[in-house]
Amino acid sequence: PLRRARALSGTFMAALGLFHSQQQLVDLVQHAIHYAGANGIEMYAKGDRGAGAGTRLSLAPFTCVPTDTPRGAFLLGRELQPLFNKLVDRASRDIAFIREALAKTAASDPFTGRLLDILNDEHVRSNPYNNVRFGLLRNDFMLHALPGQEMEIRQVEINTISASFAMLSCKISRMHRFLLGRAGAEQAWIGDAVPENNTDAAVALAIKQAFDLYARLQPSLHAPRVAVMVVQPHERNVFDQFYLEQTLWESHLVPVLRLTLHELHGAHVDPATHALLLTRDDTSYELAVVYFRAGYRPEDHPTEDEWAARLAIERSAAVKCPDIAQHLVGTKKIQQVFAVPGVLERFLTVGEAAQMRRTFAGLYSLDASEYPNASGLTAVLDEVRANPSRYVLKPQREGGGNNIYGHDIPAAVARLSAEELKGFILMERIQAPTLRSLAMEDASGIPRLVNTSTELGFYGTFLSHGDDMILNVAAGHMMRTKLADVDEAGVMAGFGCLDSPLLVDSMPGADPASKRPRLEANL
């Protein structure tokens, strides 16, 4: 099997070629399940209340071996991440740019409007501590297949709030390296083909640096200092979050409280120092860092209490990840505005902007006033009606399951008013190649060899204080794999599996997933 694997040039089929008997495949599956259980690659089962009230665990969906990824595409995404960090940092400091870009979107989308109201709050604007920016981003790409050419990457979106799975993604990479090694693959081959992924250390170190920066800016101690992770009630993805809490304590002695926005409603800002203080169970805390793993959906703000908590956080000296400006820079509308010629150059050099623009798909405004003449938007909508399969209609929402695809777009456009359309952007559909994956999609313990497409995310961390960029690094990666004939890729939304890249030196463009037949085979 090793000779066969080497002959297949390090591809997914080479990895699968290591398992040349039914028993070896059974062993692979057992090792994968045991590794996942032993290392917390888990979540609360669907339907369980989660977050401490849950009793039933299930494995997170994952692939048993890594999936083919062009080496050049992977290296480009990783290399560009500090530039994307820089873009988010600089754009989030340009409040006039954010207001102008989102003015009409905010008028048509109430949630974006409420976020923009917080940005415009006079106490937020005058807060002297809001010259600190702390980002923990995930920049998501898909492979773009051009027949007969090397595949490229195209940006799907950049997540500036709640960039999840940073902690489980590194465990998936380590699991794949372990499984291939136990199957007999040479360590040199594994080290070259399955890149190391230390997101756990990188993310924890970034939060520690933000914690230390707060201490330098706030020398007077009001109460024991903690970092807060803002979470959703009944969170299923607790173990991804708790591993960060564990790492922060074991590596840096930074204590973490996991709280919902509702539980933070009682926090108040000290008028003299802007310190954010909270009392729970007769114990007072000073909140040094507030890291949002919630707050990106209208459903996270069911009452005015949650909005009041967010406003108090923004008015405080706490280091926010993200602050409200950075949150808004991650909206779909801002992504579309970045694609307008000349906008990137407002924040980056001409050379940096050209590098970044290489990864953009076509992005179009649905606001008629943003075109040179009245026929501009009409031409765009006529093209969508004629070729809907080439496009994706995106609202200003995060979390998966919100986009409108293909032949559903014309009906959605007909249903929406001109004002409502301003809350959406139109994106050229990325032509993802069909790949093969051995996926463990549920708790049955039975993997399937399926046709898939992948989404590759690069984590980035940055910390700045005014013009001083203290930290700006690529912090690891994540891969999500979904069935080729499924549009969405969100793991928590039930569409995808956690995966890791298997780097290959040559991977010519294949037929896009929409043109390839689906393969399902129980192993």
Could you tell me if [Y] and [X] have a donor-acceptor pair between their side chains, going purely by distance under 3.5 Å?
X	Y	result
N130	R93	no
D367	S365	no
T247	D200	no
T481	T454	no

*asked:* Does atom CD (E100) have a neighbourhood of more than 12 heavy atoms from anything else shown, all under 6.0 Å?
replied: no
*Count the heavy atoms of every other residue, nucleotide or ligand shown that sit under 6.0 Å from NE2 of H274, and state whether that count exceeds 12.*
yes
*Could you tell me the separation between the CG atom of L259 and the CG atom of L287, rounded to the nearest 0.5 Å?*
8.0 Å
*asked:* Between D109 and K333, does any side-chain N to carboxylate O distance fall below 4.0 Å?
replied: no
*asked:* Evaluate F165 against Y459 for side chain to side chain contact (heavy atoms under 4.5 Å, CB included), listing each step before the verdict.
replied: CA-CA 10 Å; F165 289 114; Y459 294 98; 3.9 Å; yes
*W307 vs F111 aromatic rings, parallel, tilted or perpendicular, using cut-offs 30° and 60°?*
tilted
For this output row, return yes or no: ring centroids of [X] and [Y] closer than 6.0 angstrom.
X	Y	answer
F292	H327	no
F347	F97	yes
H234	Y44	no

*Passes side chain to side chain contact (heavy atoms under 4.5 Å, CB included), T260 versus D300? Steps please.*
CA-CA 9 Å; T260 65; D300 293 336; over 6 Å; no
